[in-house]
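One is the number of the first residue; the rest follow in order along the sequence. First listed ligand is number 1; within each ligand, the first listed atom is number 1. Because the structure is predicted, anything quoted here is derived from the model rather than measured.
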Amino acid sequence: MALQAASFLPSSFSINKEGKTNVSLKDTSLFGVSFTDSLKTDFSSLRTKRGCSQISQAGAIRSQAVVAAPSVNRATGEGKKTLRKGSVIITGASSGLGLATAKALAETGKWHVIMACRDFLKAERAAKSAGMPKENYTIMHLDLASLDSVRQFVETFRRSERPLDVLVCNAAVYFPTAKEPTYTADGFELSVGTNHLGHFLLSRLLLDDLNKSDYPSRRLIIVGSITGNTNTLAGNVPPKANLGDLRGLSGGLNGMNSSAMIDGAAFDGAKAYKDSKVCNMLTMQEFHRRYHEDTGITFASLYPGCIATTGLFREHIPLFRTLFPPFQKYITKGYVSEAESGKRLAQVVSEPSLTKSGVYWSWNQDSASFENQLSEEASDVEKARKVWEVSEKLVGLA
Ligand code: LMG
Ligand code: NDP
Ligand code: PMR
């Protein structure tokens, strides 16, 4: 968390005070970045509705929006107690944060978790060894690095006739030491292709299903990160996230006739990951602007804390993997265990108090949640719209 940078910093660096929604800080800068400038996030813009034309552009959701939009019906739904289990899809639930969240929810007995994983056997073993009650989960194959697989997953899920109450876009890959880009089945650079474009298609397709659910609180959650937010210390460790003018994304990120990087620059695996997280956070807000008012669905993102022991760092050098957990535990104090991070994400899935839409959640050191501020780029309304429009072309929705 930005706040956890505090132990590193001179006093003027009291960024993102723990637990406080409204951040106030002295104007200061780090490597030329003005923190006060980048923190001037205008959250009122999140309430700006784009109007009906946007909804009608949404194609598939259109008829659903007409059926399900009346706020009276939804209001009635909010009030009554539902007895059935909630049904939640979690991508990348075979390890780390996804598995810990699946376990936390399955253990309550109030949720059925659809674990959407690329490695079926690994997921099955993981669920078993985590001791998840077997009646509370189902594993379904999903490889986010293939748009065909995403579409197939949606078909399989629909055939299961389970309702969809919450979708959690959690899976991610990170290639910090890669010298050359690698690609998804559709030819997109692998980290943005998996973390952003795969999830973008998945969540656009499943929005219809979320909208059909009669569950009192329907949510679409996309996992973000501090490292994509340049209004924090962690977000200023080079290479920094920067989507530029999206020229690489517009060109298809294929490394042939366009750059593999969103901003069109030379390939950098660590930057590609951070850029993908910016896309995740922008996508959440664009969903909120386009659909929250008409559907009542909650759109949220979060930074779960630094879970320094997960598989995310599997491609990093061994020295990093050894030093990173103690560095985060004892120096930045940003460390959280997998179990703790799972409880946090499970809260965003199920807590009645966390229904606010358009929010980027974080937790302070007492593990109390608060609405955090996104960086200037990660809350740029125009950029969110452009990322959405370019992405829908790339995944074949426009
Ligand atoms: C890049 O390197 C790689 O090039 C890239 O391939 C990819 O892997 C990417 O994000 C992933 O990282 C980043 C690299 C260089 O950072 C390091 O890992 C270097 C570690 C240097 C250690 C610094 C001292 C900390 C003391 C703790 C020792 C315990 C163990 C450390 C474990 C390390 C694991 C993280 O980054 C740089 O270029 C160096 C400059 C770092 C800039 C950070 C930006 C904010 C700095 C703000 C300074 C605030 C002042 C306080 C300073 C106090 C320092 C004690
Ligand atoms: P893990 O590597 O443990 O988990 C990532 C999951 O994504 C794995 O289950 C992995 O599957 C799955 N996955 C990867 N590629 C695909 C794919 N093509 N299709 C389907 N699933 C795939 O990492 P974390 O638990 O740390 O990461 C989870 C989320 O948390 C990510 O969004 C990450 O950005 C975010 N995050 C993590 C932080 C941390 O400190 N660790 C901090 C901030 C955010 P498999 O098991 O088969 O490899
Ligand atoms: Mg970072 C307050 C300080 C803080 C926090 C909360 C994180 C989180 N990091 C912090 C500070 C620093 N880190 C500092 C000062 C350095 C330089 C020594 C540093 C370095 C560093 C590296 C090399 N940190 C990293 C890396 C990675 O490869 C990780 C990364 O960027 O993955 C994209 C990472 C992370 N630091 C974090 C978190 C949460 C990560 C990883 C995961 C993520 O964002 O998803």
Side-chain angles (χ1 to χ4, degrees), residues 1-9 13 15-16 30 90-102 115-123 125-126 140-146 149-150 153 168-177 184-185 190-191 193-199 202 221-229 232-241 269-278 280-281 301-317 319-321 323-325 327-329 331-338 341-342 344-345 362 365:
M1 268 172 247
L3 20 132
Q4 283 146 352
S7 57
F8 257 93
L9 299 166
F13 252 84
I15 44 177
N16 286 15
L30 175 63
I90 304 179
T91 67
S94 51
S95 71
L97 176 61
L99 177 62
T101 308
M115 301 169 71
C117 298
R118 62 176 166 177
D119 183 337
F120 196 94
L121 279 179
K122 181 179 176 184
R125 273 189 229 110
M140 282 188 198
H141 184 261
L142 167 65
D143 181 357
L144 287 158
S146 156
S149 174
V150 172
F153 170 83
V168 180
C169 297
N170 160 79
V173 286
Y174 173 41
F175 305 106
T177 57
T184 66
L190 193 50
S191 18
T194 305
N195 308 357
H196 167 58
L197 291 170
H199 278 134
L202 181 73
I221 299 154
I222 310 181
V223 180
S225 180
I226 193 169
T227 53
N229 278 295
T232 66
L233 173 62
N236 278 281
V237 174
K240 294 203 280 185
K271 181 173 181 298
Y273 170 87
K274 294 175 191 179
D275 290 350
S276 77
K277 289 286 118 183
V278 175
N280 286 154
M281 295 178 278
S301 187
L302 70 151
Y303 168 56
C306 185
I307 329 156
T309 52
T310 71
L312 193 66
F313 311 105
R314 67 186 97 178
E315 305 286 338
H316 227 309
I317 57 168
L319 184 63
F320 176 88
R321 294 206 306 274
L323 294 177
F324 191 54
F327 172 68
Q328 294 293 344
K329 230 179 235 178
I331 300 178
T332 72
K333 312 253 195 285
Y335 174 87
V336 286
S337 66
E338 295 185 20
S341 68
R344 291 177 177 185
L345 180 45
S362 294
Q365 282 181 1

Quick test: of every protein heavy atom, which one is nearest to [atom], and how far off is it to 0.1 Å?
atom	result
atom 42 (C) of ligand 2	G305 O, 3.5 Å
atom 8 (C) of ligand 2	S95 OG, 3.4 Å
atom 19 (N) of ligand 2	L144 N, 2.9 Å
atom 26 (O) of ligand 2	T310 OG1, 2.6 Å
atom 36 (N) of ligand 2	Y273 OH, 3.9 Å
atom 21 (N) of ligand 2	A171 CB, 3.6 Å

Notebook entry, point to check: Taking the six-membered ring for Trp, are the ring centroids of F175 and Y273 within less than 6.0 Å of each other?
Noted result: no
Select one of side chain, backbone, both or neither to describe which atoms of [X] lie under 4.0 Å from any atom of ligand 2, heavy atoms only.
X	answer
L312	both
F313	side chain
L142	backbone
K122	side chain
T194	side chain

Item checked: Under-4.0 Å heavy-atom contact with ligand 3, by part of H316 that carries it -> side chain
Next item on the list: Determine, step by step, whether E338 and T309 satisfy the side-chain hydrogen bond (donor to acceptor under 3.5 Å, both in side chains) criterion, reporting the C-alpha distance in whole Å, the side-chain angles of both residues, the deciding distance to 0.1 Å, and the verdict.
Entry: CA-CA 8 Å; E338 295 185 20; T309 52; 3.2 Å; yes
Looking only at heavy atoms of [X], does any of them come nearer than 4.0 Å to an atom of ligand 2?
X	result
S149	no
C117	no
N170	yes
A100	no
R314	yes

Margin query: Applying ring-ring contact (aromatic ring centres under 6.0 Å, His included), can you list everything that pairs with F153, at least two apart in sequence or on another chain?
Written below: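 Result, ring-ring contact (aromatic ring centres under 6.0 Å, His included) vs F153: none returned.
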For [atom], which of the options [options] provides the nearest non-hydrogen atom?
atom	options	result
atom 43 (C) of ligand 3	A234, S225, A172	S225
atom 42 (C) of ligand 3	Y335, F175, F313	F313
atom 45 (O) of ligand 3	Y273, Y174, F320	Y273

Notebook entry, point to check: Got an N/O contact under 3.5 Å between I307 and ligand 2?
Noted result: yes
Checklist line | ligand 2 to D143 polar contact by distance, N or O atoms, under 3.5 Å | finding: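 Between D143 and ligand 2, an N or O pair is found under 3.5 Å apart.
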Check: For S276, which residues count as a side chain to side chain donor-acceptor pair (under 3.5 Å) partner, sequence neighbours excluded?
Finding: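 Testing S276 for side chain to side chain donor-acceptor pair (under 3.5 Å), a comparison that skips the adjacent residues, returns N195.
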Next item on the list: Answer yes or no: is there a donor N or O on one side and an acceptor on the other, between the side chain of T91 and the main chain of C117, under 3.5 Å?
Entry: no
Notebook entry, point to check: Quick one: does M115's side chain get under 4.5 Å of S94's, heavy atoms only?
Noted result: no
